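The next block holds one structure in the form of structure tokens; read it before the comments.
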Protein chains: 2
Amino acid sequence: MALTDEAIDKIKGMIVSGELGPGARLPKEADLAERLGLSRNSLREAVRALSMIRVLDVRQGDGTYVTSLEPNLLLDALSFVVDFHRDDTVLQFFEVRRVLEPAAAALAAERMLDDDIDKLQLILDDLGDDPTIEALVANDIEFHRQIAVGTDNAVLASLVEGLSGPTMRARIWRGLTQEGAAARTREQHQAIVDAIASRQPDLARSWATVHIAGVEEWLRRVL
Amino acid sequence: MALTDEAIDKIKGMIVSGELGPGARLPKEADLAERLGLSRNSLREAVRALSMIRVLDVRQGDGTYVTSLEPNLLLDALSFVVDFHRDDTVLQFFEVRRVLEPAAAALAAERMLDDDIDKLQLILDDLGDDPTIEALVANDIEFHRQIAVGTDNAVLASLVEGLSGPTMRARIWRGLTQEGAAARTREQHQAIVDAIASRQPDLARSWATVHIAGVEEWLRRVL
DNA sequence: TCCTCCTCATACCTCCGATGTATGGGATGG
DNA sequence: CCATCCCATACATCGGAGGTATGAGGAGGA
């Protein structure tokens with residue numbers, strides 16, 4: 001195993017063992033490199049890799065710190081990974097969304113705070129009668145994110161959010177708009193909100209399933 | 001943004017745009033560094049970060065290549081991330097598993113090949129009457145992996161596999177064994193196989209739910 | 001002719017030392 | 001007491017040097 005990989009494991013070990021808790025500051029590059037028995041360059045590669053997945057936070061002129069290690073931080077590296085996938089695997093991602101999003105909607109119907117439900121409604125209302133594609137995409141992301149957050153499960157929220165890259169969303173909404181299906185999709189969003197607001201998990205789950213399956217079906221036809 | 005981060009984006013762009021397809025070989029360090037306008041050291045940090053998440057595969061003495069970019073490769077970096085989490089967020093991961101695993105079991109009941117179902121049964125049979133903790137853990141991992149693979153959805157399989165780190169599994173089985181609950185857990189495994197073998201998705205889903213929820217409940221009590 | 005082994009060019013691995021640059025805090029002056 | 005300036009600190013980036021593993025091609029033998 002390469003020296004750098006060993007260094008990654010050692011730093012990981014220091015964190016997992018509790019020696020370095022969330023927010024803790026690492027020794028400066030030179031000291032840590034000496035302690036781990038390698039050069040600064042090699043250490044930097046290890047630190048860079050860990051900062052890529054949001055485990056470390058390096059601040060020039062200040063130091064290197066362990067992040068809060070909250071699930072949302074660690075999992076949103078996922079969206080970076082998703083970007084690499086092309087048409088052939090997109091349907092697989094969608095199949096997973098069809099599992100997760102209904103579950104999230106159902107949980108939201110049980111747990112979401114009333115204030116947050118109001119916010120959810122406001123998100124839909126914010127969209128005018130003839131929004132641009134960009135507005136639709138941004139609104140769509142915000143809508144699904146708000147539901148995911150409402151499940152009170154950061155892991156689930158991050159997965160739902162990370163599993164569909166912005167690029168793919170843009171393509172989908174463009175296609176839906178061209179087909180004149182955007183209005184129906186927005187109606188489904190409203191139905192999901194209504195189900196959550198009336199605290200009907202089963203109904204929320206079903207509407208979410210219908211919603212995702214509809215988009216998935218369109219996507220399957222297009223590809 | 002740091003130079004290295006720019007380099008990461010540029011390499012990512014070369015891959016996403018199709019300039020570098022799966023299996024393609026990158027120019028050698030020196031050439032690529034010059035082309036991207038940075039030093040070899042900085043480029044190496046970028047390459048290291050991308051190889052961490054299995055996008056690039058560096059082979060000393062040979063060269064650096066783009067991986068197959070298959071979902072399982074890219075997502076099994078997930079288990080690395082999961083390892084960082086401690087007790088307080090483990091339950092969140094489990095809640096997601098309770099969503100994904102039943103769905104996987106149901107899909108497996110529909111799609112899994114007969115031969116693979118036989119293999120699944122063999123996995124359970126391989127375990128003797130008084131297995132060690134290590135054997136139980138290895139068997140457990142293999143069992144759930146086999147089901148996930150049977151869904152014919154690599155993304156789902158990777159998520160299911162990555163979402164529960166080996167460390168956590170070991171703790172769980174140790175605890176279950178101490179409570180004498182290991183036998184019941186193994187019976188649940190058998191029930192899931194039976195449901196899949198008899199092609200009953202609903203039954204498979206229910207047994208999987210019962211299985212995960214049972215472990216989750218035990219975990220909730222312990223923590 | 002075919003196979004095996006050896007040699008070598010190649011490409012990544014690791015390190016060093018130096019300079020550039022952003023940050024945070026303490027000293028300074030109002 | 002506060003705003004500003006200065007500087008020690010720590011990361012960012014660079015270029016070069018020597019080390020090591022790999023793969024391919026040539027030499028030699030069966």
Side-chain angles (χ1 to χ4, degrees), chain A residues 1-15 19-69 73-74 77 80, chain B residues 1-15 19-69 73-74 77 80:
Chain A
M1 180 186 287
L3 264 180
T4 300
D5 293 323
E6 285 182 35
I8 290 175
D9 274 347
K10 286 179 184 171
I11 297 175
K12 176 182 174 182
M14 292 165 71
I15 295 174
E19 179 182 345
L20 291 174
R25 177 183 178 155
L26 274 67
K28 64 181 179 185
E29 280 186 345
D31 291 347
L32 187 56
E34 188 183 6
R35 169 172 168 182
L36 298 184
L38 40 61
S39 73
R40 290 214 333 282
N41 275 331
S42 299
L43 173 65
R44 278 181 58 78
E45 289 182 21
V47 170
R48 172 71 61 176
L50 287 173
S51 73
M52 251 315 91
I53 58 175
R54 308 293 193 99
V55 168
L56 296 182
D57 179 24
V58 295
R59 307 177 201 160
Q60 181 178 168
D62 186 0
T64 301
Y65 299 81
V66 178
T67 66
S68 63
L69 293 181
L73 264 183
L74 303 192
F80 185 86
Chain B
M1 180 186 289
L3 262 180
T4 301
D5 293 323
E6 285 182 35
I8 291 174
D9 274 347
K10 286 178 183 173
I11 296 174
K12 177 183 175 182
M14 292 165 71
I15 295 174
E19 179 181 345
L20 291 175
R25 177 181 177 158
L26 274 67
K28 63 181 179 185
E29 280 186 345
D31 291 347
L32 187 56
E34 188 183 8
R35 169 172 167 182
L36 299 183
L38 39 63
S39 73
R40 286 206 326 286
N41 276 329
S42 300
L43 173 64
R44 278 183 57 79
E45 289 182 20
V47 170
R48 172 72 61 176
L50 287 173
S51 73
M52 246 322 86
I53 57 174
R54 309 293 193 99
V55 168
L56 296 182
D57 178 25
V58 295
R59 307 177 201 159
Q60 182 179 170
D62 187 358
T64 301
Y65 299 82
V66 178
T67 66
S68 63
L69 293 181
L73 265 182
L74 303 192
F80 185 86

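Given the structure is predicted, the values throughout are model-derived calculations rather than measurements. Each chain gets a letter, A, B and so on, in the order the sequences are listed, and its residues count up from 1. Both backbone and side-chain heavy atoms feed into the values below; hydrogens, waters and symmetry mates do not.
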Upstream residue (5' side of DNA chain D) when B/Gly37 and A/Thr64 are each assigned their closest nucleotide:
A/Thr64
Compare the minimum distances between each of C/dC16, D/dG16, C/dC12 and the side chain of A/Asn41, then state the nucleotide with the smallest one.
C/dC16
Starting at the 5' end of DNA chain C and moving along, which residue's nearest nucleotide shows up first, A/Leu38 or A/Gly61?
A/Leu38
So does A/Ser42 get a side-chain nitrogen or oxygen closer than 4.0 Å to the phosphate oxygens (OP1/OP2) of C/dC15?
yes
Backbone N or O of A/Arg54 within a donor-acceptor pair of the A/Thr67 side chain at under 3.5 Å?
yes
Please determine if B/Glu19 and B/Arg35 form a salt bridge, counting it only when a charged side-chain N lies under 4.0 Å from a carboxylate O.
yes
Take A/Glu45 and A/Asp62, find for each the nucleotide of DNA chain C with the closest heavy atom, and name the residue whose nucleotide sits nearer the 5' end.
A/Glu45
Side-chain N,O (B/Thr4) to OP1/OP2 (D/dT13) below 4.0 Å
yes
When rounded to the nearest 0.5 Å, the distance separating CG of A/Leu56 from OH of A/Tyr65 is 12.5 Å
Could you tell me whether A/Arg59 contacts a base, only the sugar-phosphate backbone, or nothing, with contacts defined as non-hydrogen atoms closer than 4.0 Å?
sugar-phosphate
Could you tell me whether the phosphate oxygens of D/dT13, OP1 or OP2, come under 4.0 Å of any side-chain nitrogen or oxygen in B/Arg40?
no
State which of D/dA12, C/dC12, C/dT14 makes the closest approach to the side chain of B/Glu29.
C/dC12
Salt bridge B/Arg48-A/Asp5, side-chain N to carboxylate O under 4.0 Å
yes
